[in-house]
Number of protein chains: 2
Amino acid sequence: MSPRREHRLVFLLTVAQRRLQRWMAARSPHTGVTAAQSGLLFVLGQRDGVLMGEAGAALDLGPPGISGLVDRMTAANLIERRADPDDGRAWRLWLTPAGRAAMAQSKAGLADVNARLTEGFTDAEIDVVARWLTTMQSRFPKGEDE
Amino acid sequence: MSPRREHRLVFLLTVAQRRLQRWMAARSPHTGVTAAQSGLLFVLGQRDGVLMGEAGAALDLGPPGISGLVDRMTAANLIERRADPDDGRAWRLWLTPAGRAAMAQSKAGLADVNARLTEGFTDAEIDVVARWLTTMQSRFPKGEDE
DNA sequence: CTTAGATAGTTCGCATGCGAAATAAATTGA
DNA sequence: TCAATTTATTTCGCATGCGAACTATCTAAG
């Protein structure tokens with residue numbers, strides 16, 4: 001229970017995420033699809049035509065976060081913004097054919113990442129990790145807090 | 001062992017890190033010290049006068065990463081760059097008095113974060129998490145790899 | 001001694017994503 | 001109906017950090 005070890009947890013978490021992100025970006029130099037982008041592709045793969053805000057919520061991104069992500073992916077011709085017919089403020093996001101193809105590739109890439117993420121750990125251990133990561137969302141909430 | 005769960009690990013890791021970073025930044029609005037900055041403060045607290053490259057290695061940052069971090073922290077008057085007397089290419093980093101104070105505050109902040117990071121988990125569970133995070137560094141290496 | 005390489009940092013352009021403020025459209029209330 | 005508020009998204013300035021290319025210095029080899 002040395003405090004040293006917990007300090008290290010903060011650091012380890014940061015580094016692990018950075019490594020993963022770099023890795024995923026490096027694995028798709030052709031398509032140029034990054035980790036964040038494949039997240040949105042994934043969301044659209046399951047719910048094509050979601051509102052930007054819904055996509056943001058699914059990815060835990062605030063308005064500026066999605067807005068920028070959508071900008072870049074639109075520029076890359078992976079997705080399309082189409083006005084919501086019922087709400088003049090809102091936009092719905094749709095996969096382009098290229099986006100649909102990129103999504104399929106992304107899924108394949110994720111399979112490899114998945115293997116690396118769990119290799120050498122038992123299901124029970126992975127459950128602990130998943131629980132720890134999940135719990136962090138309530139421990140470090142977005143809004144205000146004591 | 002549903003693939004769904006592992007997909008979620010990637011996402012959970014990303015979100016957890018983002019939440020933690022946001023949280024730490026929000027907790028020091030006064031000093032403006034961020035998570036990354038407190039990392040460097042910490043390194044200098046233990047080894048004042050390190051080379052930039054050494055600091056980068058300690059924080060798992062590449063040359064551009066430290067260079068920028070040092071720029072911002074120098075501008076914030078937290079650290080100083082001083083030429084290495086023996087090597088005209090190299091710079092050594094030193095805490096300013098303000099930096100030393102900020103480091104002390106950072107440590108206090110980390111105590112709170114530590115508590116939140118481990119609350120509700122046994123030592124054995126935290127060990128699993130730490131091992132998983134550590135292992136990721138070899139699973140997703142920086143350089144080239146198959 | 002001089003040149004070829006290695007090494008330490010910097011710079012550039014980029015992706016990511018935040019907080020705060022702005023814009024615009026929808027909704028609610030008097 | 002029409003102002004006040006809420007909601008969806010954008011924009012701005014910022015911090016973080018990468019890869020690639022550059023600069024400057026140091027080291028090694030002939």
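Naming convention: chains lettered A, B, ... in sequence-line order (proteins, then strands); numbering from 1 in each chain. Every value quoted in this text rests on a predicted model; they were computed, and no experiment measured them.
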Strand-adjacent residues in residues 90-103 of chain B, judged by heavy atoms under 4.0 Å from DNA chain C:
B:Ala90, B:Trp91
Residue B:Ala36, side-chain heavy atoms: nucleotide from D:dG17, C:dG9, C:dG17 that is nearest:
D:dG17
Within the distance-only criterion (no hydrogens, no angle test), does the side chain of A:Arg18 pair as donor or acceptor with the backbone N or O of B:Asp60 below 3.5 angstrom?
yes
Can you list the steps and then say if A:Glu80 with A:Thr74 is a side-chain contact (heavy atoms from CB on, under 4.5 Å)?
CA-CA 6 Å; A:Glu80 261 182 349; A:Thr74 300; over 6 Å; no
To the nearest angstrom, how far is A:Phe140 atom CZ from C:dC18 atom P?
16 Å
Whether B:Gln17 contacts C:dG17 is assessed here as follows: a side-chain N or O lying under 4.0 Å from the phosphate OP1 or OP2. Is that the case?
no
Between B:Met136 and A:Leu117, is any pair of side-chain heavy atoms under 4.5 Å apart?
yes
Hey, is the main chain of A:Ser106 close enough, under 3.5 Å, to the side chain of A:Ser38 for a donor-acceptor pair?
no
Taking A:Thr96 for the side chain and A:Asn77 for the main chain, is one N or O donor matched with an acceptor at less than 3.5 Å?
yes
From B:Met52 CE over to B:Trp91 CH2, what is the distance, rounded to the nearest 0.5 angstrom?
9.5 Å
Value in whole Å for how far the C1' atom of C:dT7 lies from CD of B:Glu54
13 Å
Between D:dT16 atom P and A:Arg18 atom CZ, what is the distance in whole Å?
11 Å
Between CE of A:Met52 and P of D:dT7 the distance, given in whole Å, is 18 Å
Members of residues 58-89 of chain B that approach DNA chain D, where some heavy atom sits under 4.0 Å away
B:Asp60, B:Leu61, B:Gly62, B:Pro64, B:Gly65, B:Leu69, B:Arg72, B:Asp87, B:Gly88, B:Arg89
Going by heavy atoms in the side chains, are A:Leu12 and B:Trp132 under 4.5 Å from each other?
no
Whole-Å distance, B:Arg22 CZ to D:dT16 C1', equals 15 Å
Measuring only between side-chain heavy atoms, which start at C-beta, is B:Leu9 closer than 4.5 Å to B:Leu13?
no
For the pair made of CD in B:Gln21 and P in D:dA15, what is the distance, rounded to whole Å?
12 Å
Going by an N to O cut-off under 4.0 Å, is there a salt bridge joining B:Arg100 and B:Asp48?
yes
In whole Å, I'd like the distance from the CD atom of B:Gln37 to the P atom of D:dC14.
14 Å
What is the distance from CZ of B:Arg19 to C1' of D:dT16, rounded to the nearest Å?
19 Å
